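Take a look at the structure below.
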Amino acid sequence: MSSSAYVRGMLSLLLLVVALVLRRTDGFVVPTSSRRQTTPGVVAPAEDGRRAIASGDKHYHNTYLHSSTSTSDSTSTASTSSYPKDLDEKQKDFTMGYLNKHHRSTLLEFVQVFTEIGGKVRKRNTFSGGSYKLLDAKVLDISLDEGRLTLEVTAKDRSEADPVVEQTVVSLEAQPKHRSRSMSDKAIPLDLIPPPTKRELEADSAGRHPVDELVRKLNRLCWMVEAYGLTGKLIQMGIQIGGTGVGELHENMYLNQIPHNRPVRKYFYEMISKATMEAVIDCANGERSNRMKITALFPEMNPQVDSYRIGTLLEMARCIAIRLAEENLRVRVCIQGSMGVGIFMGTPKPLSGASQIMQAMDWQSDEGEENEGMVGNYVNFGAVGPEHVANEVKDEEGNIVTHQDDVFLLLCPQSMVGTDTSIMPSLQAMTEAVGDRPIILLNPDLVDKVSAAGQQSVRGRAQRIEFAESFQDIFHFTNLHWKTAFFPILGALTKLRPNDPWVAHQRRDLVNDGGELYVPLVASETKPSSEVIMEAMDMAF
């Protein structure tokens with residue numbers, strides 16, 4: 001064989017290998033529901049790549065709501081509901097069968113805590129402990145439309161020969177009437193599940209899928225009787241019987257593998273961008289604070305792990321900014337500048353060089369490209385501080401000279417060790433200058449660091465903590481680990497959309513190298529404590 005034929009053969013083989021590698025995604029496919037879609041109530045970008053903002057809009061809310069009213073029929077407020085008002089018969093039968101077969105002890109707790117029968121038990125047993133016992137409870141009917149569980153309760157009085165069977169109703173919005181013996185002092189009444197937002201009602205007049213609504217209301221009851229382990233199982237049940245997948249993570253992400261697969265990064269980028277857009281809409285409707293926080297700390301985004309990749313952080317920020325700009329919003333991406341004094345001046349290590357890299361990235365913004373004219377017009381860059389907040393400026397004739405920024409995205413704001421190295425003064429001043437426009441922190445670290453001159457000491461710490469906690473979570477993903485060992489990953493704590501519940505997952509490997517999946521263990525409307533999560537982990541093993 002000649003040398004030229006050999007070279008051609010090797011090149012052909014190499015091209016074939018490259019093609020196979022590019023097609024390989026380790027079984028990971030981004031679900032259709034997470035792909036970019038035009039958000040209801042928002043004007044889609046013009047086909048020529050240019051964006052149009054209604055002139056004369058001085059305020060962020062006015063600008064956004066103006067664009068919401070000019071949408072086409074395909075994105076207008078839903079007049080009919082695609083979601084039913086209640087569960088269908090198969091969903092209802094499955095739910096009742098599951099609770100009756102596996103969780104009758106929890107149903108008994110519901111009876112003791114939320115109904116008058118519980119008061120009867122306490123009264124009858126006040127002077128003769130154990131003379132009146134609840135033997136069994138099962139669900140006879142579930143009505144989400146009427147907001148109730150109908151239970152059949154079997155009780156036994158020691159003085160009677162036969163047990164007594166009676167029916168009772170547990171409201172899905174009940175508060176504790178009594179305390180059972182198994183409940184600890186930590187058990188307290190909980191707020192009701194938040195109602196659907198205007199954005200959710202515009203997407204569907206029912207607001208939420210009945211399966212998701214039922215699961216969240218049952219989980220609230222479970223938390224009040226301290227049946228934490230059942231909450232994750234109910235999330236699994238909701239996914240199984242046809243809910244919208246609240247709390248569901250994609251399988252086969254393989255986050256233990258570094259670097260991550262590109263489809264995995266894209267999955268996170270699009271999921272976070274969608275959550276950010278939803279939160280901005282809620283803010284425009286006056287249903288959410290303008291102070292928001294995104295926490296995305298999978299291995300390539302976690303600066304405490306040697307797998308940290310600054311490119312992933314910047315790609316995520318670019319995806320979020322482009323998504324917002326596509327919806328006619330002007331975004332300012334801010335990365336804090338140098339802090340400190342003299343030779344100790346510098347930027348936090350995770351952000352070293354990030355500002356220059358961000359502006360040098362390919363935004364597809366040049367002439368003839370997909371996002372033509374976006375950078376410098378709808379996406380701008382800055383640092384942390386009030387001087388980087390652009391407000392609308394008009395000339396004497398009323399023409400807009402400078403457009404205001406609509407949304408502010410701050411990357412990893414954090415303090416440093418040393419003198420004059422606290423990010424808090426600059427961040428607080430910028431937040432005040434922003435007013436009620438959305439300001440979003442991506443992976444903030446607002447805890448105090450070692451400092452001189454008492455700048456981050458006990459003095460003023462309560463105010464700094466209160467300011468840091470004023471930023472609401474709109475997306476959260478952190479991996480769970482054993483103590484200080486980051487790998488292998490045990491699971492994840494998530495809040496995948498602004499109005500979703502918190503869900504703690506356990507990562508499980510499938511047999512025969514069949515992949516991996518994340519199984520919900522605990523679900524709550526508020527962030528669950530590490531003690532509850534680890535207790536659920538121990539019970540799952």
Side-chain angles (χ1 to χ4, degrees), residues 21-39 235-236 239 243-280 293-302 305 307-324 326-327 361-362 364 370 409 411 440 442-443 473-480 486-510 514-520:
V21 170
L22 290 176
R23 291 184 59 187
R24 179 178 179 270
T25 61
D26 290 329
F28 186 96
V29 179
V30 178
T32 305
S33 59
S34 69
R35 294 174 187 159
R36 181 173 300 171
Q37 299 175 353
T38 302
T39 306
I235 290 287
Q236 297 180 53
I239 296 171
T244 59
V246 171
E248 183 179 16
L249 285 175
H250 205 286
E251 60 186 27
N252 297 337
M253 291 192 292
Y254 297 118
L255 296 181
N256 282 313
Q257 295 181 4
I258 305 298
H260 301 328
N261 294 325
R262 289 185 179 180
V264 174
R265 294 178 190 150
K266 184 179 180 182
Y267 171 61
F268 278 105
Y269 298 163
E270 296 190 350
M271 184 164 50
I272 294 173
S273 298
K274 180 180 180 181
T276 304
M277 191 67 242
E278 291 177 349
V280 170
K293 177 174 62 174
I294 298 170
T295 303
L297 292 177
F298 51 92
E300 283 191 353
M301 289 283 288
N302 191 344
V305 187
S307 58
Y308 175 70
R309 177 178 179 267
I310 194 171
T312 303
L313 170 68
L314 300 183
E315 288 170 1
M316 180 179 294
R318 179 178 61 182
C319 188
I320 296 172
I322 291 176
R323 176 64 184 272
L324 294 172
E326 286 178 343
E327 305 294 356
M361 291 174 68
D362 183 10
Q364 293 289 301
E370 180 181 0
L409 178 63
L411 274 57
I440 305 169
L442 175 58
N443 285 352
D473 290 284
I474 61 173
F475 180 91
H476 187 99
F477 183 98
T478 54
N479 287 122
L480 304 176
F486 290 103
F487 298 98
I489 293 169
L490 291 182
L493 176 62
T494 67
K495 179 183 174 72
L496 302 181
R497 298 175 69 179
N499 300 315
D500 273 9
W502 293 78
V503 182
H505 302 76
Q506 182 188 40
R507 188 188 67 86
R508 296 181 184 175
D509 292 314
L510 301 179
E516 69 171 18
L517 51 82
Y518 283 78
V519 179

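In this text the structure is predicted, and so the values were computed from the model without any measurement. What's counted below: heavy atoms across the whole structure, side chains too, no hydrogens, waters or symmetry copies.
The distance from the CG atom of Leu411 to the CD1 atom of Ile320 is 8.0 Å, given to the nearest 0.5 Å. Remark: Asn256 CG to Phe487 CZ distance equals 6.0 Å, nearest 0.5 Å. Atom OG1 in Thr478 sits 4.5 Å away from atom CG in Leu493 (nearest 0.5 Å). Rounding to the nearest 0.5 Å places NZ of Lys274 at 12.0 Å from CZ of Phe475.
Between His505 and Leu480, the shortest heavy-atom contact is O-CD1, 3.8 Å. Of all non-hydrogen atoms in Pro520 and Gly247, the two that sit nearest each other are CG-O, 4.3 Å. Minimum heavy-atom separation, Gly515 to Asn252: CA-OD1, 3.1 Å. Closest approach of Thr276 and Ile474 over heavy atoms only: CA-CD1, 4.1 Å. Ala275 approaches Pro498 most closely through the heavy-atom pair O-CG, 3.3 Å. Here the closest heavy-atom approach between residue His260 and residue Glu300 is recorded as N-OE2, 2.8 Å.
Scored by the ring pair (Phe, Tyr, Trp, His ring centres under 6.0 Å) test, Phe477 finds Phe268 as partners (sequence neighbours excluded). Legend: residues meeting salt bridge (charged side-chain N to carboxylate O under 4.0 Å, His left out) with Glu248, ordered by chain and number and at least two apart, are absent. Arg497 meets the salt bridge (charged side-chain N to carboxylate O under 4.0 Å, His left out) test with Glu278; sequence neighbours excluded. Under the rule for a ring pair (Phe, Tyr, Trp, His ring centres under 6.0 Å), the partners of Phe486 that lie at least two apart in sequence or sit in another chain are His481. Checked against ring pair (Phe, Tyr, Trp, His ring centres under 6.0 Å), Tyr269 has no partners two or more places apart in sequence or in another chain.
A side-chain donor-acceptor contact under 3.5 Å links Arg318 to the backbone of Asp362. The main-chain N or O of Met301 is never found under 3.5 Å from a side-chain atom of Thr312 such that the two would form a donor-acceptor pair. Tyr267 contributes a side-chain N or O that, together with a main-chain N or O of His250, makes up a donor-acceptor pair within less than 3.5 Å.
Side-chain contact between Ile489 and Tyr518 is present, with heavy atoms from C-beta onward closer than 4.5 Å. Using a 4.5 Å heavy-atom cutoff, the side chains of Leu496 and Leu249 are in contact. For the pair Asn479/Asn302, no side-chain contact is recorded, criterion being any heavy-atom separation below 4.5 Å from C-beta on. Put simply, the side chain of Gln506 does not reach to within 4.5 Å of the side chain of Leu490, judged on heavy atoms. No side-chain heavy atom of Val246 sits less than 4.5 Å from a side-chain heavy atom of Val503.
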**Report entry** Verdict with supporting geometry, Val264 and Phe298, side-chain contact (heavy atoms from CB on, under 4.5 Å)
**Finding:** CA-CA 11 Å; Val264 174; Phe298 51 92; over 6 Å; no

Query raised in the report: Is there a salt bridge (charged side-chain N to carboxylate O under 4.0 Å, His left out) between Arg309 and Glu315 once you walk through the steps?
Result: CA-CA 10 Å; Arg309 177 178 179 267; Glu315 288 170 1; 3.5 Å; yes

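Legend: salt bridge (charged side-chain N to carboxylate O under 4.0 Å, His left out) pairs involving residues 499-508, not counting sequence neighbours, sorted by first then second residue: Arg507-Asp509, Arg507-Glu516.
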